[in-house]
There are 2 protein chains.
Amino acid sequence: MGTLTVGEVARESGVSGSAVRFYERQGLIAAARTGGNQRRFDPDAACRIRVARVAQRVGLTVSDIRELLAALPANPEPADWQGLHDRLIAEAERRIRELHAALDDIGSGRRLCEL
Amino acid sequence: MGTLTVGEVARESGVSGSAVRFYERQGLIAAARTGGNQRRFDPDAACRIRVARVAQRVGLTVSDIRELLAALPANPEPADWQGLHDRLIAEAERRIRELHAALDDIGSGRRLCEL
DNA sequence: CATTGACTTCACCATTAGTTCAAGTCCTAG
DNA sequence: CTAGGACTTGAACTAATGGTGAAGTCAATG
């Protein structure tokens, strides 16, 4: 069920070990424990972290991402990941529209500063 | 020189009084003091705050904005404000490009999650 | 068995952008 | 002159995203 250590997941996903533990505390990834209380992750942990990192670039908070990932079923199929991708894309496009709106407000110029 | 109180600037700019004081501490706006140690702002304070708020929507931090505003001369002319607008626009476009890059990475799909 | 590296928890540090609170002071209108 | 609202300070608190260090435990290897 869980075979990867913190260090292995960290290397595979490109984040620090402390970040891996942080993501577990935050519920983005789940870990089983060995008899000696060490974390053992499923192979999809690194994948979830990679998705989480992209989601962060899009502007989602960790708790947004927790909810996003919570929507995934136990053994996600490609279609499930696709749905997640679609949501991320929609979100990114929303942020882009916001920036365009800010651009418009800047362009409106004097209304900001009628001195 | 300075006639507006904290509350007046707050109303004119649409931010809270505590935010106005915060922005003064951070050097986004300047205040003279009355004999009784109360702040009195120039009429352009609200304008600077409005610009600052748009800049935040674009993703700049308060200290970025301090530097941006510090570049303004004492009595800014329209051209000075225009230069500032141009910088904000360039920055917004940069952020939009970053989001598009994130979109591309999401689109690359399976590379994120080759399960 | 002993070493070594990886792991554990817990708690504190940093940053950003403010907000809230308490206790006290100022200013203006009546 | 006095009441009330607006103002002052500084410190503590918030949320988000981790980083760091101490003290101790586990696991694999020679």
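Here is the naming used below: chain letters follow the sequence lines, and residue numbers restart at 1 for every chain.
Distance check: A/Arg97 CZ to B/Leu99 CG gives 11.5 Å after rounding to the nearest 0.5 Å. Distance check, rounded to the nearest 0.5 Å: CG of B/Asp105 to NE2 of B/His100 gives 13.0 Å.
The interatomic distance linking A/Arg53 (CZ) with D/dA16 (P) rounds to 16 Å, in whole Å. Counting to the nearest Å, the P atom of D/dT17 and the CD atom of A/Glu24 are 17 Å from each other. Atom CZ of A/Arg25 is separated from atom P of C/dT9 by 9 Å (rounded to the nearest Å). In this structure, the CD1 atom of B/Ile29 is 14 Å from the C1' atom of C/dA17, given to the nearest Å. Rounded to a whole Å, the CG atom of A/Leu28 is 13 Å from the C1' atom of D/dG18. Between the CG atom of A/Asp64 and the P atom of D/dA16 there is a distance of 9 Å, given to the nearest Å. A/Leu60 places its CG atom 17 Å from the C1' atom of D/dG18, with the value rounded to the nearest Å. Between the CZ atom of A/Phe22 and the P atom of C/dC13 there is a distance of 18 Å, given to the nearest Å.
For the pair B/Arg21 and D/dT8, the criterion of a side-chain N or O lying under 4.0 Å from OP1 or OP2 is met. Contact check, A/Arg39 against C/dC7: no side-chain N or O comes under 4.0 Å of OP1 or OP2. Within the 4.0 Å cut-off from OP1 or OP2 of C/dT16, not a single side-chain nitrogen or oxygen of B/Gln56 is found. Put simply, B/Gln26 has no side-chain N or O that comes within less than 4.0 Å of OP1 or OP2 on C/dT16. Here B/Arg33 reaches the OP1 or OP2 of D/dT9: one of its side-chain N or O atoms lies under 4.0 Å away. A/Tyr23 has no side-chain polar atom (N or O) that falls below the 4.0 Å cut-off from OP1 or OP2 of D/dT17. In this model, the phosphate group of D/dA6 is not approached by any side-chain N or O of B/Thr5 to a distance below 4.0 Å at OP1 or OP2.
Within a 6.0 Å sphere centred on CZ of B/Arg87, other residues, nucleotides and ligands contribute 12 heavy atoms or fewer.
Looking at heavy atoms from C-beta onward, B/Val15 lies in side-chain contact with B/Val20 at the 4.5 angstrom threshold. Taking the side chain as every heavy atom from C-beta outward, B/Trp81 and B/Leu72 approach each other to under 4.5 Å.
Non-hydrogen atoms lying under 4.0 Å from DNA chain C are contributed by nothing in residues 87-102 of chain B. Contacts between residues 11-19 of chain A and DNA chain D, defined by a heavy-atom separation under 4.0 Å, are made by A/Ser16, A/Ser18, A/Ala19.
In this structure, B/Arg40 contributes its side chain and B/Thr34 its backbone to no donor-acceptor pair below 3.5 Å. For the pair A/Asp64 (side chain) and A/Thr61 (backbone), a donor-acceptor distance under 3.5 Å is present. In terms of modelled atom types and a separation under 3.5 Å, the side chain of A/Arg39 and the main chain of A/Arg21 share no donor-acceptor contact.
With sequence neighbours excluded, no residue forms a side-chain hydrogen bond (donor to acceptor under 3.5 Å, both in side chains) with B/Ser63. With sequence neighbours left out, the salt bridge (charged side-chain N to carboxylate O under 4.0 Å, His left out) criterion links A/Arg53 to no other residue.
Tested against A/Arg95, the residues A/Glu98, A/Glu93, A/Glu91 include a single salt bridge (Lys or Arg N to Asp or Glu O under 4.0 Å) partner, A/Glu91.
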Give each protein N/O atom lying under 3.5 Å from an N/O atom of nucleotides 27-30 of chain C, with the pair distance.
residue	atom	partner	partner atom	Å
C/dC27	OP1	B/Thr34	OG1	3.2

Side-chain polar contacts of residues 5-13 of chain B - donor-acceptor pairs under 3.5 angstrom, sequence neighbours left out - could you list them?
residue	atom	partner	partner atom	Å
B/Thr5	OG1	B/Gly7	N	3.4
B/Thr5	OG1	B/Glu8	N	3.2
B/Glu8	OE1	B/Thr5	N	2.9
B/Ser13	OG	B/Val9	O	2.7
B/Ser13	OG	B/Ala10	O	3.4

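The listed nucleotides are D/dT8, C/dC7, D/dT17; the one nearest the side chain of A/Val6 is C/dC7.
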